[in-house]
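First the structure, in the form of C-alpha cells, and then the observations on it.
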Amino acid sequence: MRAKKILFLAWRDLANPLAGGSEVLVDHLARGLLAHGHDVSLLCAGPTAPRPYRVHDGGGRYTQYLRAPATYLRHFRDADLVVDVANGLSFFVPLWRRRPVVCLVNHLHSEQWRQWFPPPVAALGRSLERNAMPLAYRRHLFVAVSRSTAASLEAIGVDPERIRIVHNGTEAPEEYPAEDPEPLFVCLGRLVPHKRIEVVLAAWDRVRPVVGGRLVIAGEGPERSRLEALAGEGVIFAGQVSEAQKNDLLARAWMLLHPAMVEGWGLVVLEAAARRTPTVAFDVPGLRDSVLHECTGLLATSEGTFVEHWVSLARDPVLRGRMGRRARDRAAQFSWSASTARFIAVAEEALQQPKVLPHPAAALELDV
C-alpha cells in the first residue's frame with residue numbers, strides 16, 4: 001500500500017490515567033503504520049502526550065464526540081482513511097464522511113453502561129452501540145480483536161462478511177526473573193468496575209489460608225479506595241507500575257489473576273504468558289480467546305471454581321511450569337508486526353472499496 005494519511009479517532013490517549021488495552025493497541029498500530037511510511041494522526045480527548053505520530057486534543061471526554069466532525073473538517077479532511085475506535089460509543093464517522101472508514105471494536109460494552117451511568121443514559125448508550133452503530137457502518141468494514149468480539153458484533157446484526165479479526169500482539173522480554181520462591185499472585189489492570197477486582201479479593205480470603213503468600217494488585221483507577229477497604233491480610237496495592245516493574249511482577253508471579261466480566265482480548269494475559277506465567281480467569285468473552293483452558297491457564301465458570309483453580313494451580317508446581325511453558329510458546333505466535341500487517345491488509349481493502357464491498361475477503365486471524 002502506497003503512503004496514505006490515516007486518522008485514528010479514539011476516546012483517549014495513553015497519557016490518560018485510565019488508558020488500557022485499547023490505547024495500547026492503537027499506539028502500536030499507529031507506530032507500525034508510521035514505520036511503513038504512512039502519515040498517521042490520532043484525534044482524542046485530553047490529556048495527551050507527544051508521540052512519534054501526530055496527536056490532536058479533540059476536547060473533553062464526552063464533548064469530543066460532538067466536536068469531532070468540525071475538528072476533522074478543519075484539520076483532517078484530507079485523510080485517506082479514518083479508523084473509528086468504538087469504545088462503547090463510536091464517532092459515527094459515516095454520517096459525516098463519505099470516504100473510506102473502518103470501525104475498530106475491542107468489545108461491546110453491554111452491561112458496563114449501567115456500571116458507569118444512570119439508567120436513562122445507560123439505556124441510550126446500549127441502544128446506540130447495539131442498534132445505531134451497526135446501521136451507520138452497514139457499508140463499511142469492522143475490525144474485531146478476537147473471535148469473541150466478532151461473535152458479539154454478529155449478534156447485534158453486523159454482517160460477518162464485513163468483520164476482520166486483528167489480534168493484539170505482545171513483546172517477549174529479553175530477560176526476566178524466575179518464579180518467586182514464595183507464593184506470589186498478581187492482578188494487573190485498571191481499577192474500574194468491570195474489572196471486578198473485588199472478586200479476587202473475596203477469593204483471596206479463601207485461598208490465603210490454604211496456600212499463603214502475597215497478592216499484588218497493580219494499577220490505578222477510581223475503585224482503589226473502595227477496594228483497599230475490602231482487602232485482607234497479605235494484599236499489596238502497588239499502584240501504577242512502570243514497564244520494568246510490570247515485567248518483574250508478571251515474571252515472578254505464580255499466576256496472573258483476571259476476574260473481568262468481559263474483555264476484547266485481555267492483553268495482559270499474553271504479556272504474562274510471554275514471561276512464562278499462566279492465567280486463572282473467567283470463561284467470558286475475550287478471555288476465552290487469550291487463555292487456552294487447561295493449556296495456558298484455567299478458566300472458571302463461577303467464583304467457586306475460580307477459587308478451586310487458583311488453589312490447584314498454586315499447589316502444583318509441575319502443572320504450573322507446564323502451563324507456563326505452553327503460555328510462552330503461544331505468546332510467541334503473536335507479534336505487533338503481525339498485527340500491523342493484518343491491519344494494513346484491512347486498510348487496503350477498505351481503500352479499494354470505500355462504499356460497498358460485494359466480494360469481501362475472508363477474516364484475517366491467526367490459526368491458533
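Note that the structure is a prediction, hence the values are computed from the model and not measured.
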**OP:** Measure up the F343 and F8 rings against each other and bin them: parallel (under 30°), tilted (30 to 60°), perpendicular (over 60°).
**Re:** parallel

Subject >> Any donor-acceptor pair under 3.5 Å from R98 side chain to P94 backbone >> reply: no

**OP:** For S148 and D289, test the side chains for any donor-to-acceptor distance below 3.5 angstrom and give the result as yes or no.
**Re:** yes

Original post:
Taking all non-hydrogen atoms of both residues, which atom of P134 and which atom of V158 are closest, and how far apart?
Top reply: CB-CG2, 4.0 Å

Subject >> Flag, side chain of H38 to backbone of I6, donor-acceptor distance under 3.5 Å >> reply: no

Original post:
Step by step, would you call K195 with E263 a salt bridge (charged side-chain N to carboxylate O under 4.0 Å, His left out)?
Top reply: CA-CA 9 Å; K195 297 295 184 179; E263 287 286 349; 2.4 Å; yes

Original post:
Hey, does the side chain of D84 reach the backbone of F91 with a donor-acceptor pair shorter than 3.5 angstrom?
Top reply: yes

Original post:
Does the side chain of S22 come under 3.5 Å of the side chain of N106 through a donor N or O and an acceptor N or O?
Top reply: yes

Original post:
Any side-chain heavy-atom pair from H258 and V280 closer than 4.5 angstrom?
Top reply: no

Under 3.5 Å, sequence neighbours excluded: what are the donor-acceptor pairs made by side chains of residues 197-216?
| unit_1 | atom_1 | unit_2 | atom_2 | d |
| --- | --- | --- | --- | --- |
| E198 | OE1 | R226 | NH2 | 3.2 |
| W204 | NE1 | E233 | O | 2.8 |

Original post:
Does atom CZ of R138 have more than 12 heavy-atom neighbours, drawn from other residues, nucleotides or ligands, at distances under 6.0 Å?
Top reply: yes

Original post:
Would you say the side chain of V24 lies within less than 4.5 Å of the side chain of W336, judging by non-hydrogen atoms?
Top reply: yes

**OP:** Mind telling me whether F282 and F306 have parallel, tilted or perpendicular rings, with 30° and 60° as the class edges?
**Re:** parallel

Subject >> N/O donor-acceptor pair under 3.5 Å between R99 side chain and A79 backbone >> reply: yes

Subject >> Test item: E171 and H28 side chains (from C-beta on) under 4.5 Å apart, heavy atoms >> reply: yes

Original post:
Under 4.5 Å between side-chain heavy atoms, hopping through other hydrophobics if needed: is there a path connecting L313 to V318?
Top reply: no

**OP:** Measure from the side-chain N and O atoms of R196 to the backbone N and O of P259, and report whether any donor-acceptor pair falls under 3.5 Å.
**Re:** yes

Original post:
Hey, does E154 have a side-chain heavy atom less than 4.5 Å from the side chain of I163?
Top reply: yes

Subject >> Residue pair D39 / Y53, side-chain donor-acceptor N/O under 3.5 Å >> reply: no

Original post:
Going through the distances and angles, do E179 and R320 end up as a salt bridge (charged side-chain N to carboxylate O under 4.0 Å, His left out)?
Top reply: CA-CA 10 Å; E179 181 183 270; R320 209 164 57 244; 2.9 Å; yes

Original post:
So, the side chain of Q352 versus the backbone of E349: is there a donor-acceptor pair under 3.5 Å, distance only?
Top reply: no

Subject >> Step-by-step ring-ring contact (aromatic ring centres under 6.0 Å, His included) determination, F185 to W310 >> reply: CA-CA 9 Å; F185 311 103; W310 186 346; 5.5 Å; yes

Subject >> Exercise: identify the closest heavy-atom pair between K4 and L351 >> reply: CG-CD1, 4.0 Å

**OP:** Show your reasoning for whether salt bridge (charged side-chain N to carboxylate O under 4.0 Å, His left out) applies to D13 and R51.
**Re:** CA-CA 10 Å; D13 176 57; R51 308 281 169 210; 2.9 Å; yes

Original post:
Does S290 use its side chain to pair, donor to acceptor, with the backbone of W265 at less than 3.5 Å?
Top reply: yes

**OP:** Give the intermediate values and the outcome of side chain to side chain donor-acceptor pair (under 3.5 Å) for residues S146 and T149.
**Re:** CA-CA 5 Å; S146 66; T149 299; 3.2 Å; yes

Subject >> Minimum heavy-atom distance between P278 and G297, given as atom pair plus value >> reply: CB-CA, 4.3 Å

Original post:
Hey, does the side chain of W11 reach the backbone of A86 with a donor-acceptor pair shorter than 3.5 angstrom?
Top reply: no

Original post:
Going by heavy atoms in the side chains, are S41 and F76 under 4.5 Å from each other?
Top reply: yes

**OP:** Just do the side chain to side chain donor-acceptor pair (under 3.5 Å) check on R97 and Y72 with the steps written out, would you?
**Re:** CA-CA 9 Å; R97 171 185 160 95; Y72 162 80; 2.7 Å; yes

Original post:
So do I156 and M133 actually touch side chain to side chain, heavy atoms under 4.5 Å?
Top reply: yes

Original post:
Only one of T277, V241, L249 clears side chain to side chain contact (heavy atoms under 4.5 Å, CB included) with V186; which?
Top reply: L249

Original post:
Does a side-chain heavy-atom distance below 4.5 Å link L104 with L29?
Top reply: yes

Subject >> Pair S302, T305: side-chain N/O donor-acceptor within cut-off below 3.5 Å >> reply: yes

